[in-house]
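Structure first, then comments.
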Amino acid sequence: SAVISQKPSRDICQRGTSLTIQCQVDSQVTMMFWYRQQPGQSLTLIATANQGSEATYESGFVIDKFPISRPNLTFSTLTVSNMSPEDSSIYLCSVEEDGNLFGANVLTFGAGSRLTVL
Amino acid sequence: KQEVTQIPAALSVPEGENLVLNCSFTDSAIYNLQWFRQDPGKGLTSLLLIQSSQREQTSGRLNASLDKSSGRSTLYIAASQPGDSATYLCAVNTDKLIFGTGTRLQVFP
């Protein structure tokens, strides 16, 4: 299965600043996703990162707050903009590896990026 | 709207016990269901994937079952060990993964 590297693994940020998280995959994948896990809660999908076009955002998430880039089939970035303490979460990158049937494949996750906003 | 619930929220057992973790979902129109393990400060590790046409999957001491019609899945852990201590998440795959609330498991020696 794909191996995913996320950077940074953790960071402490000041209110009002922005931070970009990188996700690198060791193979080409069609589907890449960004999730958020707030303290004590389960994972929530932020957006699907589409190669060569704008990301598809889930309800409650907007591009101005969480701009996403997907320049190629192995790399994506998520920026958390104008951070507040409520943005303190683990952010995880996930990929669904190419297969013949959409939705039939195992999703693989990166180790996550733990952000603390003061 | 798909909702995924896991029971119990937390579980603490002595080593050696056999365990059952429960996952329920409200919409049976899923591609598959996946069980994950999450260790503190780490990402998610996929344990088992059950396709919508399957009834169960086994990997080592783990066995997961799926009853789509009733919207239920169970994860059975045989002969639990302290190394099994983690949070276990189930997720149903529609056009995206919807995660459950998780079961925090502690196995003590």
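What you see is a predicted model; the values in this text were computed from it and never measured. Lettering of chains follows the sequences in order, A, B, ..., and the numbering in each one begins at 1.
For residues 100-109 of chain B, a heavy-atom distance under 4.5 Å to chain A picks out Gly100(B), Thr101(B), given by residue number. At a heavy-atom cut-off of under 4.5 Å, chain B is reached by Ser42(A), Leu43(A), Leu45(A), Glu58(A) from residues 38-77 of chain A, listed in order of number. Scanning residues 68-78 of chain B against chain A with a 4.5 Å non-hydrogen threshold yields no residues.
Taking hydrophobic clusters as Ile, Leu, Val, Met, Phe, Trp and Tyr residues chained together by side-chain heavy-atom distances below 4.5 Å, Val80(A) does not share a cluster with Ile90(A). Linking Ile, Leu, Val, Met, Phe, Trp and Tyr whenever their side-chain heavy atoms come within less than 4.5 Å puts Trp35(B) and Leu11(B) in one cluster. One hydrophobic cluster, built from ILVMFWY side chains closer than 4.5 Å, holds both Val117(A) and Tyr91(A). Note: the hydrophobic cluster containing Val4(B) also contains Leu33(B) (ILVMFWY, side chain heavy atoms under 4.5 Å, direct or indirect links). Hydrophobic clustering places Leu21(B) together with Ile98(B) (ILVMFWY residues linked when any side-chain heavy atoms are closer than 4.5 Å, directly or through intermediates).
Note: Phe36(B) CZ to Phe109(A) CZ = 4.5 Å, rounded to the nearest 0.5 Å. With values rounded to the nearest 0.5 angstrom, Leu89(B) atom CG is found 6.5 Å from Gln37(A) atom CD.
Contacts of Gln6(A) with chain B are absent, with no heavy-atom separation under 4.5 Å from either backbone or side chain. Contacts between Leu44(B) and chain A at a heavy-atom distance below 4.5 Å involve backbone atoms as well as side-chain atoms. Proximity to chain A (any heavy atom under 4.5 Å) is restricted, for Gln38(B), to the side chain, taken from C-beta onward. Both the backbone and the side chain of Leu97(B) come within less than 4.5 Å of a heavy atom in chain A.
Listed by chain and residue number, Arg37(B), Asp39(B), Tyr88(B) satisfy the side chain to side chain contact (heavy atoms under 4.5 Å, CB included) test with Ala86(B) (two or more places apart in sequence, or in another chain).
More than 12 heavy-atom neighbours from other residues, nucleotides or ligands sit within 6.0 angstrom of CZ on Arg61(B).
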